[in-house]
Amino acid sequence: MSQDLKNIDELCVNTLRILAIDQVEAANSGHPGLPLGAAAPVYALWSRFLRHNPANPDWSDRDRFILSAGHGSALLYALLHVFGYDLSLEDLKNFRQWGSKTPGHPEYGHTPGVEATTGPLGQGFAMGVGMALAEAHLAAQFNTPEFTVIDHYTYALVSDGDLMEGITSEAASLAGHLGLGKMVYIYDDNKISIEGSTDLTFTENVGARFEAYNWQVLRVADGNDVGALTQAIEQARQETGRPSLIIARTHIGFGSPRQDMAKAHGEPLGAENTRTTKEALGFSPDKSFAVPPEVKAKADETRDKGQAWEDQWQSLIKDYARAQPDKAALLAMYLEGRLPDGWGDEIPVFQPQDGPLATRAASGKVLQGLDARVGNLMGGSADLAPSNKTMLDKREIVKTGEFGGSNIHYGVREHAMGAVVNGMALHGGVIPYGGTFLIFSDYCRPSLRLAALMNVPSKFVFTHDSIGVGEDGPTHQPVEHLMSLRAIPNLTLFRPADANETSAAWRAALGRSGPSVLALTRQKLPILDPEVVAQGAEKGAYVLADSPDPQILLLATGSEVALALQARDALAVKGVLTRVVSMPSWEVFAEQDQAYRDQVIPPDLKPRLAIEAGSTLGWERWTGDKGAVLGLDRFGASAPGAQVFEKLGLTVEAVANKALDLLNGNG
């Protein structure tokens, strides 16, 4: 490397460092240690390899860069500003402030150039696996010998904390098994965590662990050596059959008086230490947020390359469209996130005589119908596909080095599965889903929350949704899970009452921009009149059975809708007129206008009884102050499912008696 190039590289790296600590100082809050230590590795990547176009952060064939160690956001914002994204110095000065484009941790959809919301450690690592898998799948589907229209890498900066998290082990194992060769992760090996040296807790041989996962492991002894880092990244890119981990030995808080100290991790350096650091790195201590003209000129070269890269790709796409018009049109539809005309035409309509049928089984049939029209469904289960009914019968399985299939065996890796689904959704071009039992949504929960925060269209199929699981007992019987999922903002939960509501739930889920969960039964349920279901299921709630001038409203979800209908008949014998409302989705119903909501749940019909085999918390939103809830505020038990329902008081008699108590003022 020439001395001139070495000098400009050093100036650029130090500019990124100073911009980062200036942000933290301005906010009097943040994490200066990682930006000071890891600036050189990410600069080597961004200046030498990353194919991206700052003028169009959403260019489909761009490389993806994930800051999995999201606490180092000030470094990412410095990169985005210097390399020409729509992020001004004023934005950097408002780091961590209300309404700014530079929040404390990177947020997808909020800051241009941020590929994923990160901060919960390990999530970015695992989402990158999903991005790489989506790229490999689309490449297998659409590339031809003449036209390589999908061709990009997934990069990430990961930390000690990332690698300690369990989700990382799951995701790394899956990525290595599949042989995702276009993943290149840089490990910021600074040997410091919040509590002190990583020797306190993290003394394993990381390289050996990743080699055992079938990763290529490369080492850079000096994480400030841009030349050595460049060589390592180039070597990583040449490995096509394995993901690569580059272990770069860095120093947290590099150049500051707190170098190699835990104190550098998560608090501002302070005015005096900031002055000292700037002086040590060759910058004026009296200037803040300064970008030398040489640095701007160097970054502009990369920005200009980005536009040229995209222009070349657009030209390639035009040639591809002339040579392969059908494939090109399909690729454009997938990348734009559009559904084909008639996409729901093969979704089955179920008749009462077809039942009874578990909603998990109905979901499997709906998936086959969707797959007949929607060609980019992609997903599977965490080793539960026979139970979750998530396999696409006419599609191949994704295998090591063979990515053309649509069925993914995630293995018993629920946590990673959730993040991989999110990564595929972030990448685009596929409609991803993952499945497990509802009880194990606990293992997916951080990923579910991030899906909602990012507003990405991830789909989750959670079966065995209640005490109806039966003999497996309380360890496998969800009780609090429905309510806990409803508590996540921007997550839509569907708990369909039958096969036709399951069809409606899938229709609604595919039409939503954010994440959706389908909670489905193991046990068989009677099939409702499809014409009645069609009148309102996709609105979240609807009148399933009615009476003139009803005295009480029975409100239920899922398997308990059948219970409500039976209780209605029992109450009719006693002269009590009821309305039964099925509510497959609280969230969708809440989106309807007030007139529709009042039509379904009349404000003047005060006696209301909600029935759900789960936590009663929150149902007062719909039952009001004169209503009641029949549910479960305890764990289940091991016995046949029907007996568990009976012993725990979810019976026709119990519903009828509770309704009568309400009407008699004893609710």
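All residue numbers in this chain count up from 1 along the given sequence.
In terms of modelled atom types and a separation under 3.5 Å, the side chain of Asn190 and the main chain of Leu34 share no donor-acceptor contact. The closest donor-acceptor contact from the side chain of Thr118 to the backbone of Leu67 lies under 3.5 Å. Between the Gln141 side chain and the Gly404 main chain, a donor and an acceptor come within less than 3.5 Å of each other. Panel note: side chain Arg219, backbone Ile246; no donor-acceptor pair is recorded below 3.5 Å. Arg17 contributes a side-chain N or O that, together with a main-chain N or O of Leu36, makes up a donor-acceptor pair within less than 3.5 Å. Glu239 places a side-chain N or O within 3.5 Å of a backbone atom of Arg242 that can act as its donor or acceptor partner. Side chain of Arg62 to main chain of Trp59: a donor-acceptor pair is present (N/O by atom type, distance under 3.5 Å, no hydrogens or angles). Ser159 places a side-chain N or O within 3.5 Å of a backbone atom of Asp162 that can act as its donor or acceptor partner. When atom types are taken as modelled, the side chain of Arg445 and the backbone of Ser484 share a donor-acceptor pair closer than 3.5 angstrom. No donor-acceptor distance shorter than 3.5 angstrom exists from the side chain of Thr203 to the backbone of Asp199, with no hydrogens or angles considered.
Counted by atom type alone, Glu234 and Gln238 present one or more donor-acceptor pairs between their side chains at under 3.5 Å. Side chains of His409 and Asp383: a donor-acceptor N/O pair is absent below 3.5 angstrom, by distance only. A side-chain donor-acceptor contact under 3.5 Å links Trp506 and Ser363. A donor and an acceptor atom, one from each side chain of Ser447 and Gln123, are located under 3.5 Å apart. For the residue pair Arg237 and Tyr155, a side-chain donor N or O sits within less than 3.5 Å of a side-chain acceptor on the partner. At a cut-off of 3.5 Å, with distance as the only test, no side-chain donor of Thr154 or Arg64 sits close to an acceptor on the other residue. Between Asn56 and Glu310, the side chains place a donor N or O and an acceptor N or O closer than 3.5 Å (distance only, hydrogens not considered). With no hydrogens or angles considered, no side-chain donor-acceptor pair links Tyr108 and Asn455 at under 3.5 Å. Judged purely by distance below 3.5 Å, without hydrogens or angles, the side chains of Asp61 and His152 pair a donor atom with an acceptor atom.
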Subject >> Criterion side-chain contact (heavy atoms from CB on, under 4.5 Å) on Ile439 and Thr475, from CA distance to verdict >> reply: CA-CA 8 Å; Ile439 194 77; Thr475 61; over 6 Å; no
Subject >> Derivation and outcome, ring-ring contact (aromatic ring centres under 6.0 Å, His included), residues Phe125 and Trp215 >> reply: CA-CA 14 Å; Phe125 186 111; Trp215 286 55; 5.7 Å; yes
Subject >> Residues Ile408, Ile397; criterion side-chain contact (heavy atoms from CB on, under 4.5 Å); working and verdict >> reply: CA-CA 6 Å; Ile408 304 169; Ile397 294 168; over 6 Å; no
Subject >> Full working for side-chain contact (heavy atoms from CB on, under 4.5 Å) between Leu229 and Arg48 >> reply: CA-CA 10 Å; Leu229 290 161; Arg48 294 337 194 238; over 6 Å; no
Subject >> Test side-chain contact (heavy atoms from CB on, under 4.5 Å) applied to Leu482 and Leu438, step by step >> reply: CA-CA 9 Å; Leu482 295 172; Leu438 179 58; 4.0 Å; yes
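The two residues Ala419 and Ala126 have their closest heavy-atom pair at CB-CB, 3.4 Å. In terms of heavy atoms, Gly128 sits closest to Ile66 at CA-CD1, 3.3 Å. Nearest heavy-atom pair across Met391 and Ala385 is CG-CB, 3.6 Å. Residue Ala262 comes nearest to Ser193 through the heavy atom pair CB-O, 3.5 Å, listed as atom of the first residue, atom of the second, then distance. Nearest approach of Asn214 to Gly176, heavy atoms of both residues: ND2-O, 2.9 Å. Minimum heavy-atom separation, Ala451 to Asn422: CB-OD1, 3.2 Å.
Aromatic pair Phe440/Phe462: ring centres not closer than 6.0 Å. Taking the six-membered ring for Trp, Trp309 and Phe49 have ring centres at least 6.0 Å apart. In this structure, the ring of His265 has its center less than 6.0 angstrom from the ring center of His31.
Leu392 places none of its side-chain heavy atoms less than 4.5 Å from the side chain of Met378. Ser406 places none of its side-chain heavy atoms less than 4.5 Å from the side chain of Glu396. Within the 4.5 Å cutoff, the side chain of Ser68 has no heavy atoms near those of the Met127 side chain. Contact of the Leu269 side chain with the Val24 side chain is not registered, since no non-hydrogen atoms from C-beta on lie closer than 4.5 Å. At least one side-chain heavy atom of Tyr410 sits under 4.5 Å from a side-chain heavy atom of Val421. Between Leu157 and Tyr185 the shortest side-chain heavy-atom distance does not fall below 4.5 Å. With a 4.5 Å cut-off on side-chain heavy atoms, Pro112 and Pro57 count as touching. Using a 4.5 Å heavy-atom cutoff, the side chains of Asp188 and Asp160 are not in contact.
With respect to the salt-bridge test (charged N to carboxylate O, under 4.0 angstrom), the residues Arg495 and Asp465 qualify. Under 4.0 Å is where a charged nitrogen must lie from a carboxylate oxygen, and between Asp91 and Lys93 no such pair does. Electrostatic pairing of Asp371 and Arg395 counts as a salt bridge here, judged by a charged N lying under 4.0 Å from a carboxylate O. Taking 4.0 Å as the cut-off between side-chain N and carboxylate O, Glu267 and Arg258 count as a salt-bridged pair.
For the atom pair Tyr77 OH and Thr102 OG1, the distance stands at 6.0 Å (nearest 0.5 Å). Ser29 contributes atom OG, which lies 8.0 Å from atom CD of Gln97 (distance to the nearest 0.5 angstrom). Residue Ser244 holds its OG atom at 11.5 Å from CZ of Phe210, rounded to the nearest 0.5 Å. Interatomic distance, Ser88 OG to Asp86 CG, rounded to the nearest 0.5 Å: 7.5 Å. Distance CG/Asn224 to OG1/Thr250: 8.0 Å, rounded to 0.5 Å. Distance check, rounded to the nearest 0.5 Å: CD of Glu115 to CG of Asp63 gives 9.5 Å.
Checked against side-chain hydrogen bond (donor to acceptor under 3.5 Å, both in side chains), Asn388 has the following partners two or more places apart in sequence or in another chain: Ser381, Thr463. Ser585 is linked by a side-chain hydrogen bond (donor to acceptor under 3.5 Å, both in side chains) to Glu587, counting only residues two or more places apart in sequence or in another chain.
The local environment of OH in Tyr443 is sparse, with at most 12 non-hydrogen atoms from other residues, nucleotides or ligands closer than 6.0 Å. Heavy atoms of other residues, nucleotides or ligands lying less than 6.0 angstrom from CD of Glu336 number more than 12.
Annotation: side-chain hydrogen bond (donor to acceptor under 3.5 Å, both in side chains) contacts involving residues 170-184, sequence neighbours excluded, comprise Glu135-Lys182, Asp151-Lys182, Ser173-Arg413.
Within the cation-pi definition used here (under 6.0 Å to the ring centroid, within 45° of the axis), Arg486 qualifies as a partner of Trp586.
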